[in-house]
Amino acid sequence: MLNSINLSHVFVNDHQQALDFYVGKLGLEVAHNVPLGCIRCLTVRAPGEIAHEILLEIPGPPGMDEKSAGQIRELISKGASGFAAGFTTTDAKKTFASLKAKGVDITHEPNEQPYGTDFGIRDPFGNHIRIVQLVSTSHQLGPKAAAR
């Protein structure tokens with residue numbers, strides 16, 4: 001029986017540019033950075049969150065042929081990936097202002113929702129990301145602590 005999600009992925013075109021964004025601008029930490037021959041296992045996570053990592057994956061062999069990789073890169077750059085990742089914060093307005101000041105591409109201004117305050121950003125490759133400050137009654141909290 002499955003009991004948790006420990007790894008997901010986001011397609012990126014360049015590992016250094018991905019690190020600059022996900023670590024330098026969003027404040028995530030590198031969990032693993034391991035060359036594995038034909039690929040590089042580069043994962044990031046929220047600081048201290050050891051249960052879930054995001055693989056920053058460059059499309060290409062051995063996972064797919066070069067033609068398919070090119071098509072994926074083109075679709076991602078057009079924003080056609082749909083929802084790529086979601087993060088929580090304890091202060092959506094402060095986080096929004098900080099990311100805006102860092103030049104992050106904002107796709108949606110902060111918005112009050114029944115589950116909390118959220119806003120949208122896009123990474124340098126075209127992936128859509130949501131950031132939310134959950135209300136204490138949000139069903140998404142599960143075992144997580146409510147944002148104060």
Side-chain angles (χ1 to χ4, degrees), residues 4-113 115-135 138 140-142 144-148:
S4 71
I5 298 171
N6 75 325
L7 184 67
S8 55
H9 83 100
V10 172
F11 282 126
V12 300
N13 295 334
D14 178 88
H15 280 136
Q16 188 55 54
Q17 191 177 10
L19 284 171
D20 292 345
F21 179 78
Y22 286 95
V23 176
K25 292 189 177 184
L26 296 189
L28 301 181
E29 65 185 20
V30 174
H32 293 94
N33 188 357
V34 181
L36 297 174
C38 59
I39 65 168
R40 177 177 172 189
C41 179
L42 177 59
T43 65
V44 294
R45 63 182 175 216
E49 177 63 51
I50 61 170
H52 188 187
E53 297 176 13
I54 299 172
L55 174 66
L56 302 176
E57 181 179 6
I58 296 178
M64 65 190 71
D65 62 57
E66 202 49 58
K67 181 179 178 187
S68 297
Q71 292 169 330
I72 287 175
R73 286 190 293 272
E74 182 180 352
L75 288 170
I76 298 293
S77 70
K78 292 178 179 179
S81 68
F83 178 78
F87 299 99
T88 59
T89 182
T90 56
D91 190 333
K93 291 178 182 172
K94 183 178 178 181
T95 302
F96 173 81
S98 173
L99 294 177
K100 189 172 183 177
K102 292 178 183 179
V104 171
D105 183 10
I106 305 294
T107 58
H108 296 104
E109 300 277 327
N111 206 349
E112 298 294 325
Q113 301 290 344
Y115 53 83
T117 304
D118 83 342
F119 62 95
I121 63 174
R122 188 177 358 240
D123 76 6
F125 314 102
N127 293 300
H128 296 278
I129 297 167
R130 301 297 294 184
I131 299 173
V132 63
Q133 176 184 343
L134 296 169
V135 295
S138 173
Q140 295 175 335
L141 283 174
K144 300 175 191 169
R148 292 177 176 77

Original post:
Is there side-chain contact between L7 and T43, with at least one heavy-atom pair below 4.5 Å?
Top reply: yes
d(Y22 OH, H15 NE2) to nearest 0.5 Å is 11.5 Å
CG (L134) and OH (Y115) are apart, to the nearest 0.5 Å, by 9.0 Å
Between A92 and F119, the two heavy atoms sitting closest are O-CE2, 3.5 Å
By side-chain contact (heavy atoms from CB on, under 4.5 Å), P62 pairs with (sequence neighbours left out) C38, I39
With sequence neighbours left out, the residues meeting side-chain contact (heavy atoms from CB on, under 4.5 Å) with S98 are K102
Donor-acceptor contact below 3.5 Å, side chain H128 vs main chain I121: no
Contacts of T95 meeting side-chain hydrogen bond (donor to acceptor under 3.5 Å, both in side chains) (sequence neighbours excluded), chain-then-number -> T89
Which of V12, L56, I58 passes side chain to side chain contact (heavy atoms under 4.5 Å, CB included) with F125? Answer is V12
Heavy-atom closest pair (A84 atom, N127 atom, distance to 0.1 Å) is CB-CB, 3.8 Å
Sorted by chain and residue number, the side-chain hydrogen bond (donor to acceptor under 3.5 Å, both in side chains) partners of H52 (sequence neighbours excluded) come out as S8
Rounding to 0.5 Å, atoms NE2 (H108) and CG (D118) come to a distance of 9.0 Å
The side-chain contact (heavy atoms from CB on, under 4.5 Å) partners of K93 (sequence neighbours excluded) come to D91, E112
Between G126 and S81, the two heavy atoms sitting closest are O-OG, 4.2 Å
Sequence neighbours excluded, the answer for salt bridge (Lys or Arg N to Asp or Glu O under 4.0 Å) partners of E66 is R73
Value for CD1 (I131) from CG (L26), rounded to nearest 0.5 Å, stands at 6.0 Å
Contacts of R40 meeting salt bridge (Lys or Arg N to Asp or Glu O under 4.0 Å) (sequence neighbours excluded), chain-then-number -> none
When every non-hydrogen atom of E109 is compared with those of F96, the smallest separation belongs to OE1-CZ, 3.3 Å
When rounded to the nearest 0.5 Å, the distance separating CG of L36 from SG of C41 is 5.5 Å
Would R130 and F87 satisfy side-chain contact (heavy atoms from CB on, under 4.5 Å), going step by step from the backbone distance to the final call? CA-CA 6 Å; R130 301 297 294 184; F87 299 99; over 6 Å; no
Discussion item. Assess the residue pair I129 and F21 against the criterion (side-chain contact (heavy atoms from CB on, under 4.5 Å)); give the C-alpha distance rounded to whole Å, side-chain angles, the decisive distance to 0.1 Å, and a yes or no.
Written reply: CA-CA 12 Å; I129 297 167; F21 179 78; 4.0 Å; yes
Contacts satisfying salt bridge (charged side-chain N to carboxylate O under 4.0 Å, His left out) that involve residues 11-28 (not counting sequence neighbours) are none
With sequence neighbours left out, the residues meeting side-chain contact (heavy atoms from CB on, under 4.5 Å) with R45 are E29, A31, I50, E53
Residue set satisfying side-chain hydrogen bond (donor to acceptor under 3.5 Å, both in side chains) with D65, at least two apart, ordered chain then number -> S68
Carefully, step by step, assess V23 and V44 under the rule side-chain contact (heavy atoms from CB on, under 4.5 Å). CA-CA 8 Å; V23 176; V44 294; 4.0 Å; yes
Contacts of D105 meeting side-chain hydrogen bond (donor to acceptor under 3.5 Å, both in side chains) (sequence neighbours excluded), chain-then-number -> R122
Those residues at least two apart in sequence (or on a different chain) that pass salt bridge (Lys or Arg N to Asp or Glu O under 4.0 Å) with E74 are K78
What one should report as the nearest heavy-atom pair of P124 and Q17 is CB-NE2, 3.5 Å
message: Run the side-chain contact (heavy atoms from CB on, under 4.5 Å) test on V30 and L42 for me, step by step, so that the C-alpha distance in whole Å, both residues' side-chain angles and the decisive distance to 0.1 Å come before the verdict.
response: CA-CA 8 Å; V30 174; L42 177 59; 4.2 Å; yes
N111 backbone acceptor or donor facing T117 side chain under 3.5 Å:
no
